[in-house]
Amino acid sequence: MAKKKKKQVVEEDEAVQGGKKKKKGKKKLLLIPVALVLVAAVAAAVILLVLPRFGIDLLGNKEQEEQQIGEPIPKKGVQAYTFGDDTIPSLDTILEEGEGELIAIRGTPEQSKAEEEGRLTYIYELNGYAAIVNRYLDLALSGEQGFSLLDNSAVEEGTYLIQEERPELEDAGGALVIAKNSAVEGRVFLLVIGWSQDDNNMLAVRLSVPEGQLQRPEKVEPPQPASLSEQLATIQTMNPSELALPGRSMDQYVVLSTTGFVKVDDILCRRFTIYEKTGDDKRGDIVKVIYFSGDQQHMFQQEEDENGKLIITELVQ
């Protein structure tokens, strides 16, 4: 084996604000029929063009095209997203002054007949996204609300698989899905949030209560480290040259181990001291100190540099 780069050895140590200020004049624009058409068109562009790029088909069946809901939007937006018996505080509740506002609400015809079969979409005009969406995630994923982040690709396939790792969000664009078990048995309360930073700066929050259930990813237990006897047996069967030692067999050496593990380059290792064997099969001088990883995939050796300082280098084939 040859030396690689030097490694360091380390001993192992095992809200929400309610409401916001609306932009002046925006309410008047929403009352103009032409402006309503433009808002609806921009919202549709976000839903149809932006979110599908992130693996989520929000519209699905063409028979479920969304329509503008005629109810006026409250000055302070909406305080909660409510779908049947399911509810969650809205994005409006965490928006700060000047960050943006709710500009449209759209729904499917089915929403008025059977809420669990329809959809509601809230369209926002925002200044920036990542920080706002991260704050909303803090709220939604809290123990009080009980939502979980889902795997986008799994949702596209109709499976509601919980994703443990929180994604890195970017202002330029993105889509994520959060959900929890619905008050309706056999369904999930699903929120899809998607945004695109362009001239319109739109964000869409879509609510639905589809059939299904949340699934947790299977936990993969980390492999148990090899036992001390297994590691000793491995070392004894090695050729001395693999340990940068002279000789034809490890029978020429006595190998002993210290108790417990240490970390070398964040890898759990046992320390082994190799002695030269004397004529009466007793140990003589120390010829090598090595660190053997618990998975038996890495081996390091302890050396001295030109100044007598102890260093660790990796042995590789």
Side-chain angles (χ1 to χ4, degrees), residues 15-20 22 43 46-47 51 54 56 58 66 69 71 73-96 99-108 110-112 114-126 129-152 154-155 159-167 169 174-195 202-216:
V16 173
Q17 293 187 12
K20 60 173 187 344
K22 287 175 61 68
V46 173
I47 295 168
L51 300 187
F54 296 88
I56 300 174
L58 294 183
E66 292 186 342
I69 292 179
E71 298 176 5
I73 298 173
K75 280 188 175 182
K76 294 184 178 181
V78 294
Q79 295 303 299
Y81 302 136
T82 301
F83 216 77
D85 294 330
D86 295 306
T87 187
I88 181 177
S90 71
L91 186 70
D92 302 79
T93 63
I94 58 97
L95 286 178
E96 297 177 358
E99 287 187 327
E101 62 187 343
L102 175 66
I103 60 172
I105 305 174
R106 295 166 62 83
T108 57
E110 290 83 351
Q111 204 278 331
S112 60
E115 289 180 319
E116 66 271 14
E117 297 295 339
R119 295 186 301 269
L120 276 175
T121 301
Y122 295 81
I123 309 298
Y124 292 83
E125 185 178 50
L126 300 179
Y129 296 102
I132 295 173
V133 175
N134 268 318
R135 288 206 314 272
Y136 190 66
L137 282 181
D138 289 340
L139 169 66
L141 303 181
S142 67
E144 182 178 353
Q145 297 303 324
F147 277 75
S148 296
L149 189 67
L150 301 189
D151 183 314
N152 284 11
V155 172
T159 303
Y160 307 115
L161 182 65
I162 293 175
Q163 176 177 298
E164 303 291 351
E165 186 176 350
R166 189 157 159 171
L169 303 182
L176 53 84
V177 186
I178 59 174
K180 71 175 181 179
N181 290 325
S182 169
V184 180
E185 187 175 355
R187 294 181 179 272
V188 294
F189 183 26
L190 196 72
L191 273 71
V192 179
I193 304 171
W195 64 95
M202 293 290 182
L203 176 144
V205 179
R206 172 167 287 183
L207 282 64
S208 61
V209 186
E211 290 184 350
Q213 59 183 0
L214 298 185
Q215 300 179 22
R216 293 193 174 275

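By the 30° and 60° cut-offs, the orientation of the rings of Tyr81 relative to Tyr136 is perpendicular.
Across all their heavy atoms, Gln145 and Pro89 have their closest contact at OE1-CD, 3.3 Å. Pairing each heavy atom of Leu95 with each of Gly100, the nearest pair is CD1-O, 3.8 Å. The two residues Thr87 and Lys180 have their closest heavy-atom pair at O-NZ, 4.3 Å. Heavy atoms only, all atoms of each residue included: Ser90 and Tyr124 are closest at CB-OH, 4.4 Å. Nearest heavy atom pair, residue Thr121 against residue Ala204, reads CG2-CB, 4.1 Å. Here the closest heavy-atom approach between residue Ser208 and residue Arg119 is recorded as CB-CG, 3.9 Å.
With rounding to the nearest 0.5 angstrom, the CZ atom of Arg206 is 9.5 Å from the CG atom of Leu120. Remark: Leu126 CG to Met202 CE distance equals 9.5 Å, nearest 0.5 Å. Atoms CD1 and CD1, on Ile123 and Ile103 in that order, are 7.0 Å from each other to the nearest 0.5 Å.
Side-chain contact check for Asn181 versus Val188: some heavy-atom pair is nearer than 4.5 Å. Looking at heavy atoms from C-beta onward, Arg166 lies in side-chain contact with Asn134 at the 4.5 angstrom threshold. Inter-residue side-chain proximity for Phe147 and Leu137 is flagged as unmet; no heavy-atom pair is nearer than 4.5 Å.
Shown are Leu207, Ile178, Leu150, Asp86; of these, the side chain to side chain contact (heavy atoms under 4.5 Å, CB included) with Leu190 is made only by Leu150. Screening Ile94, Ile88, Leu91 against Leu139 for a side chain to side chain contact (heavy atoms under 4.5 Å, CB included) leaves a single residue, Ile94.
In this view, Thr159 satisfies the side chain to side chain donor-acceptor pair (under 3.5 Å) rule with no residue, not counting sequence neighbours. In this structure, Glu185 has no side-chain contact (heavy atoms from CB on, under 4.5 Å) partners at least two apart in sequence or on a different chain. Remark: Glu164 engages Arg216 in a salt bridge (charged side-chain N to carboxylate O under 4.0 Å, His left out) (not counting sequence neighbours).
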Item to complete: Test Leu149 against Ile162 for side chain to side chain contact (heavy atoms under 4.5 Å, CB included), laying out the working first.
Response: CA-CA 6 Å; Leu149 189 67; Ile162 293 175; over 6 Å; no
Q: Before giving the answer on side chain to side chain contact (heavy atoms under 4.5 Å, CB included), spell out for Asp85 and Val184 the whole-Å C-alpha distance, their side-chain angles and the decisive distance to 0.1 Å.
A: CA-CA 8 Å; Asp85 294 330; Val184 180; 5.7 Å; no
Can you list the steps and then say if Gln163 with Val177 is a side chain to side chain contact (heavy atoms under 4.5 Å, CB included)? CA-CA 10 Å; Gln163 176 177 298; Val177 186; over 6 Å; no
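For Gln213, the CD atom sits in a loose shell: 12 or fewer heavy atoms of surrounding residues, nucleotides or ligands are nearer than 6.0 Å.
One N or O on the side chain of Arg187 and one on the backbone of Val209 form a donor-acceptor pair closer than 3.5 Å.
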